[in-house]
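Just below is one structure, and these are the notes that go with it.
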Amino acid sequence: MFIRLVLGVSVVLLVTALPASAHMVSADADLRVAQTIAGAELTVVIRRTPEVPGPLYVDLVAYQPVSDLTIDVSVAASAGTVRLHRERPGTYPVVLHVRNTGPHELLLKTSAESSVLPFEVRIPRPAAWETVVYGGFGAAGLLVAAALVAGAMSRRPIALALGGFGVVAIVVAATIAVVSPQLGAETRDPGRPNAQGFLSVTPAQPRAGDEVTIRFDIVDGSTGRPVNDLAVHHDALAHLVITSQDGEFFRHVHPLRTSDGRLETRLVADRPGRYLAYLEIERVDAGGQLVSGGFDVAGSGQAASTRAVSWKFPAGRPVTVEVDVGAEGVQSWLGMAGHMITRDDAGTFAGHVHENSMSSTSDGTVAEHGPKLRFTTSFPRPGRYFAWVQYVKDFRIVTVPHVIEVVS
């Protein structure tokens with residue numbers, strides 16, 4: 001009877017301990033970071049590194065329109081070159097080498113622009129306590145098996161002793177499995193202070209048709225020092241939306257990190273008037289933040305928009321916007337099947353909504369989706385709103401503008 005009790009306790013402890021140990025095994029995923037460089041919209045994919053020293057596989061995924069462009073890619077002393085070809089979207093691979101684990105910086109450089117992407121190389125290795133846990137469970141299994149054999153041979157004292165040692169081994173291993181991850185866990189910072197952004201443009205007084213460099217300097221709200229802890233969120237270090245006040249100009253780009261706390265992008269402002277810029281960022285161990293600014297572009301007047309209203313919704317209530325994209329085969333972009341960016345007429349409200357029913361294929365690149373994208377959101381106040389729906393097909397970013405009337 002006692003032997004059965006020992007074996008029963010052993011089985012229960014073994015079964016209840018296994019799920020906890022399963023959470024200790026993980027593999028680092030690929031890092032995907034969107035970049036807008038030299039007019040090209042790219043997703044930089046830094047693949048998992050199996051060992052160090054060893055190869056570092058990097059893919060540049062180019063979206064239409066693609067122009068002939070040479071991009072130098074490097075990590076420390078290891079360098080390579082990627083040449084994009086006109087009208088040939090898709091993946092361009094390059095192989096670099098890393099010598100050790102820890103923090104690294106991937107440098108992207110064209111003839112006119114450069115970007116520095118921080119990343120960390122991690123090679124998963126079992127902790128010492130994991131070795132003890134697995135060894136303990138293994139020893140317990142052998143002891144329990146030996147106890148069964150001894151019991152079958154009518155050697156009760158030996159069976160009892162082996163079973164008892166097995167229970168002790170399981171209890172010790174299970175205790176270490178539960179306690180050790182908490183004891184060794186890194187203390188998480190409860191959050192970061194707010195970040196503040198300072199917008200500047202070059203030239204300082206641009207005219208319609210000029211190429212404009214838009215620069216955000218991001219500083220910590222408590223120290224005033226440059227923010228150097230931006231987290232990759234939705235496959236980018238930052239999402240920058242720039243629209244003209246009248247809603248006729250729209251760009252959703254991913255600025256380059258040129259130095260600590262500094263993000264830059266270039267574009268051609270093709271119409272005069274007031275421009276509004278909204279920068280979405282996220283700091284490590286903190287939530288998302290939105291910083292904004294504006295600048296003026298000189299030039300002769302443009303005709304006012306006569307775009308018809310696409311939808312009419314009540315203020316303050318959840319609504320679902322449905323967009324027909326024509327057929328299946330929408331590709332995942334920035335981790336989503338679709339994006340809808342909204343802004344009120346005055347520019348005081350800006351929203352960014354993701355498609356809410358995406359289902360990806362096994363490689364995570366193409367969504368089994370279509371022909372309709374659905375976005376659920378709400379509009380805080382009555383008035384006129386602009387909306388831009390974006391999705392990707394055949395490596396081409398499609399942007400569809402809409403006007404929304406929101407009533408009380």
Side-chain angles (χ1 to χ4, degrees), residues 18-35 37 42-62 70-84 90-109 114-139 173 176-177 180-188 228-237 254 256-257 260 282 284-285 332 334-335 360-366:
L18 281 176
S21 65
H23 294 289
M24 305 171 195
V25 181
S26 65
D28 290 343
D30 298 340
L31 176 64
R32 305 174 68 87
V33 186
Q35 293 279 269
I37 185 167
L42 308 175
T43 295
V44 180
V45 185
I46 304 174
R47 301 293 182 186
R48 285 169 286 183
T49 305
E51 60 182 359
V52 290
L56 180 73
Y57 298 95
V58 178
D59 291 340
L60 302 188
V61 183
T70 299
I71 304 175
D72 295 321
V73 186
S74 62
V75 172
S78 178
T81 300
V82 172
R83 291 181 174 85
L84 306 186
T91 301
Y92 293 79
V94 61
V95 181
L96 306 175
H97 289 81
V98 288
R99 296 183 176 276
N100 46 52
T101 58
H104 289 72
E105 290 184 334
L106 182 73
L107 175 64
L108 304 178
K109 189 174 182 180
S114 63
S115 179
V116 181
L117 297 177
F119 69 100
E120 187 171 351
V121 174
R122 293 183 181 179
I123 305 299
R125 293 186 177 88
W129 62 266
E130 290 181 284
T131 303
V132 173
V133 168
Y134 293 134
F137 283 133
I176 295 175
S180 293
Q182 283 71 32
L183 294 178
E186 179 183 352
T187 301
R188 305 295 288 180
N228 198 31
D229 60 356
L230 295 181
V232 174
H233 66 292
H234 304 310
D235 289 354
L237 278 175
H254 303 93
L256 309 178
R257 178 183 177 270
D260 290 355
E282 185 172 306
V284 174
D285 294 324
S332 174
L334 307 175
S360 296
T361 57
S362 58
D363 64 5
T365 57
V366 179

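Any value given below was found using the heavy atoms of this structure, including those in side chains, with hydrogens, waters and symmetry copies removed.
- When all heavy atoms of His97 and Ser78 are compared, the pair lying nearest together is N-OG, 2.9 Å.
- For Thr70, the side chain to side chain donor-acceptor pair (under 3.5 Å) test picks out no residue, with sequence neighbours left out.
- A heavy-atom distance below 4.5 Å is found between the side chains of Leu60 and Val73.
- In this structure, Ile71 CD1 and Leu84 CG are separated by 4.5 Å, a value rounded to the nearest 0.5 Å.
- Looking at Leu42 and Tyr92, their side chains never come closer than 4.5 Å, going by heavy atoms from C-beta outward.
- Asp235 places a side-chain N or O within 3.5 Å of a backbone atom of Gly335 that can act as its donor or acceptor partner.
- With sequence neighbours excluded, the residues forming a side-chain contact (heavy atoms from CB on, under 4.5 Å) with Ser74 are Ala79, Leu107, listed by chain and number.
- Considering only residues two or more places apart in sequence or on other chains, Val232 meets the side-chain contact (heavy atoms from CB on, under 4.5 Å) condition with Leu31, Val33, Leu237.
- Taking 4.5 Å as the limit, some side-chain heavy atom of Leu106 sits within range of a side-chain heavy atom of Leu96.
- Note that the CD1 atom of Ile37 and the NE2 atom of His254 stand 14.0 Å from one another [nearest 0.5 Å].
- In this structure Tyr57 satisfies the side-chain contact (heavy atoms from CB on, under 4.5 Å) test together with Arg47, Pro55, Val95, sequence neighbours excluded.
- For His233, the side-chain contact (heavy atoms from CB on, under 4.5 Å) test picks out His239, Glu280, Glu282, with sequence neighbours left out.
- Side-chain atoms of Arg257 come within 3.5 Å of backbone N or O of Val116 as a donor-acceptor pair.
- Closest approach of Leu256 and Gln35 over heavy atoms only: CD2-OE1, 3.4 Å.
- Annotation: side chain of Asn100 is not in contact with side chain of Val121 (no heavy-atom distance under 4.5 Å).
- Leu56 has its side chain out of reach of His104: every pair of non-hydrogen atoms, C-beta onward, lies at least 4.5 Å apart.
- Every residue was checked against the salt bridge (Lys or Arg N to Asp or Glu O under 4.0 Å) condition with Asp72, not counting sequence neighbours, and none meets it.
- Smallest separation of non-hydrogen atoms from Pro93 and Val82: O-CG2, 4.4 Å.
- Annotation: the span from Asp59 atom CG to Thr43 atom OG1 amounts to 10.5 Å, rounded to 0.5 Å.
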